[in-house]
Amino acid sequence: MEFVHCPFKLCNVCCINTEMPLLEEDIERITKHGFKREYFVKEKDGFLVLKNQKGKCVFLKKRKCIIYQDRPLGCRLYPLIYDIDFKNATIDYECPQKEFFYKYTKNKELIKLLEKTVNQLLVEKEKRNKITQ
Ligand code: SF4
């Protein structure tokens with residue numbers, strides 16, 4: 001499947017102070033590179049999200065993502081995000097190139113994947129809640 005293609009390689013805004021949520025399958029894929037879970041995963045509001053180091057994602061080195069081929073699903077879809085209040089896919093208003101990406105809000109395959117990802121994140125959050133109760 002083709003994910004969102006970002007041609008603005010030097011932008012990196014989405015990797016600065018990231019709060020990208022992580023699926024368990026993202027974590028499993030990334031740990032296969034030898035990264036310990038504690039190195040890149042933290043909890044925020046019940047979700048597991050990427051950690052930052054000095055204000056940027058721990059995987060952003062010299063303006064490049066060092067796990068690009070195996071980056072989290074959320075990073076592959078960004079700036080396509082899901083608006084929980086309006087229950088629809090939209091483009092993150094914080095993306096400086098948002099106009100370029102609006103076409104992706106019409107891509108049914110990606111929207112389906114985004115919705116599936118959001119549902120999975122909620123299921124995993126619920127499961128963790130049950131375990132800690
Ligand atoms: S995993 Fe890669 S693409 Fe995702 S926020 Fe970190 S550096 Fe950016």
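Start at 1 and go down the list; that is how both ligands and their atoms are numbered. Predicted model only: the values in this text are computed from it and were never measured.
Between atom CD1 of residue Ile131 and atom CD of residue Glu126 there is a gap of 11.0 Å, rounded to the nearest 0.5 Å.
Nearest to atom 8 (Fe) of ligand 1 among the protein's heavy atoms is Cys15 SG, 2.3 Å. Looking at atom 2 (Fe) of ligand 1, its nearest protein heavy atom turns out to be Cys65 SG, 2.4 Å.
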Practice item. Could you walk me through whether Glu19 and Leu50 pass side-chain contact (heavy atoms from CB on, under 4.5 Å), step by step? Key: CA-CA 6 Å; Glu19 293 190 341; Leu50 278 171; over 6 Å; no

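Which parts of ligand 1 touch Cys75 is read off a 4.0 Å heavy-atom cut-off, strictly below it: atoms 1 (S), 3 (S), 4 (Fe), 5 (S). Near Leu60, meaning under 4.0 Å from one of its heavy atoms, ligand 1 places the atoms 7 (S). Those atoms of ligand 1 that come under 4.0 Å of a heavy atom in Pro72, given as number and element, are 1 (S).
The nearest N, O or S atom of Cys57 is not closer to atom 8 (Fe) of ligand 1 than 2.8 Å.
Of the heavy atoms in Leu50, only side-chain atoms (C-beta onward) come closer than 4.0 Å to ligand 1.
The six-membered or imidazole ring of Phe35 lies near that of Phe59, with a centre-to-centre distance under 6.0 Å. Between Phe8 and Phe100, the distance separating the two ring centers is shorter than 6.0 angstrom.
No side-chain donor from either of Asn88 and Tyr82 sits under 3.5 Å from a side-chain acceptor of the other.
Note on Lys127 versus Glu24: no salt bridge recorded, every NZ/NE/NH1/NH2 to OD/OE distance being 4.0 Å or above.
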